[in-house]
Amino acid sequence: MVKHNNVIPGEHFRKHWQNYVKTWFNQPARKTRRRNARQAKAVKIFPRPTAGPLRPVVRGQTLKYNMKVRAGRGFSLEELKAAGIPRKLAPTIGISVDHRRKNRSLEGFQTNVLRLKTYKQKLVVFPRRAGKFKAGDSAAEELANATQLQGPLLAIQQEKPVTELVKVTADMKKVNAYDKLRIERVNVRHVGARAKRAAEAEKEEKK
């Protein structure tokens, strides 16, 4: 018998848990389907690389990710111009273009220009119609030896930071880093007031 003023127990054990279980039995079949789709796409786009068009090297956004490099949307118009590739020609030879992107660092600009020039050297251009060669098409010997590139196209390598070891000298031990930081912080805080005071003093001297 239940004693005192407690909640009346009303356990509900018939919750039909089988209806809320997520199964994943189609995973092996999906794996096969994706593989077949990749192979069919490779055949369809032959002799182009399976990875798709060439992408630029860009840095991730925000302080959290800006130390990492990744593939961007497309090359800027300035990068294409520096590499000597017309903007209209670029998409036809497997180079992605992003007309909105702006180059904000010289280092990134030079990296992508070098990337474009490397791609240009390795590029094999097939004629639109077999046997009818035009200006810019590769020679027949190059076409005979050309194979479809599998995997990443000019893979992007992550930069490894270089750490330099330095011996601690007696002069380094004498410096009090905490005091120096405090002094610099005070200087930053008072820079406006000091500049104003100096300007007023200079004005009084002129009088």
Side-chain angles (χ1 to χ4, degrees), residues 1-80 87 90-105 107-116 118-119 122-124 126 146-165 177-178 181-182 185 188-189:
M1 183 67 187
V2 178
K3 291 185 178 180
H4 310 298
N5 188 22
N6 296 327
V7 177
I8 298 169
E11 293 86 357
H12 296 80
F13 294 114
R14 298 176 184 174
K15 291 190 173 65
H16 304 289
W17 60 268
Q18 293 91 339
N19 296 341
Y20 305 105
V21 173
K22 171 75 174 172
T23 58
W24 206 250
F25 299 128
N26 60 349
Q27 191 180 22
R30 274 190 180 176
K31 183 180 178 181
T32 308
R33 190 172 69 192
R34 284 197 297 268
R35 180 184 169 85
N36 293 339
R38 281 196 300 272
Q39 289 174 344
K41 185 183 176 184
V43 171
K44 187 179 178 182
I45 67 171
F46 181 85
R48 298 177 190 86
T50 56
L54 183 71
R55 306 278 179 185
V57 178
V58 298
R59 290 202 169 270
Q61 295 292 305
T62 70
L63 192 66
K64 187 177 180 182
Y65 298 108
N66 66 4
M67 79 291 293
K68 292 186 177 181
V69 290
R70 61 174 180 83
R73 182 185 178 87
F75 290 91
S76 69
L77 302 180
E78 291 82 15
E79 289 164 354
L80 291 169
R87 59 184 291 186
T92 65
I93 56 173
I95 299 171
S96 54
V97 181
D98 184 8
H99 64 89
R100 296 183 192 87
R101 212 174 117 246
K102 293 182 175 66
N103 293 103
R104 307 210 182 269
S105 82
E107 184 188 356
F109 174 76
Q110 289 172 344
T111 303
N112 283 322
V113 170
L114 183 65
R115 189 171 168 81
L116 282 168
T118 308
Y119 177 78
K122 296 181 178 182
L123 184 66
V124 177
F126 280 70
T147 55
Q148 188 177 31
L149 180 67
Q150 307 283 339
L153 179 60
L154 295 180
I156 296 170
Q157 302 293 332
Q158 288 295 335
E159 299 169 357
K160 290 185 179 178
V162 180
T163 53
E164 189 180 345
L165 300 176
Y178 179 76
L181 283 171
R182 295 294 299 178
R185 199 172 284 171
V188 169
R189 192 183 300 151

- Test log, rule side chain to side chain contact (heavy atoms under 4.5 Å, CB included), inputs Thr50 and Gln148: CA-CA 7 Å; Thr50 56; Gln148 188 177 31; 3.9 Å; yes
How long is the span from the [atom1] atom in [X] to the [atom2] atom in [Y], to the nearest 0.5 Å?
X      : Y      : atom1 : atom2 : value
Asn112 : Glu107 : CG    : CD    : 10.5 Å
Asn103 : Gln110 : CG    : CD    : 10.5 Å
Phe75  : Arg115 : CZ    : CZ    : 5.5 Å

If you draw a 6.0 Å radius around [atom1] in [X], do more than 12 non-hydrogen atoms from other residues or ligands fall strictly inside?
X      : atom1 : result
Gln158 : CD    : yes
Glu164 : CD    : no
Asn19  : CG    : yes
Leu181 : CG    : yes

- Message: According to side-chain hydrogen bond (donor to acceptor under 3.5 Å, both in side chains), does anything in residues 20-32 pair up with another residue at least two apart or in another chain? List the pairs.
- Response: none
Exercise: identify the closest heavy-atom pair between [X] and [Y]:
X      : Y      : answer
Pro53  : Leu153 : C-CD2, 4.0 Å
Leu154 : Thr118 : CD2-CG2, 4.4 Å
Val97  : Arg87  : CG2-O, 4.3 Å
Gly94  : Tyr119 : O-OH, 3.4 Å
Gly151 : Ala51  : O-CB, 3.3 Å

- Let me see the working for Ile95 and Glu79 under side chain to side chain contact (heavy atoms under 4.5 Å, CB included), right down to the final yes or no. CA-CA 12 Å; Ile95 299 171; Glu79 289 164 354; over 6 Å; no
- Query: Arg73 versus Val58: any side-chain heavy-atom pair under 4.5 Å?
  - Reply: no
- Can you check whether Gly74's main-chain N or O pairs, donor with acceptor, with Arg55's side chain at less than 3.5 Å? no
- Message: Quick one: does any side-chain atom of Arg59 pair with a main-chain N or O of Met67 as donor and acceptor, under 3.5 Å?
- Response: yes
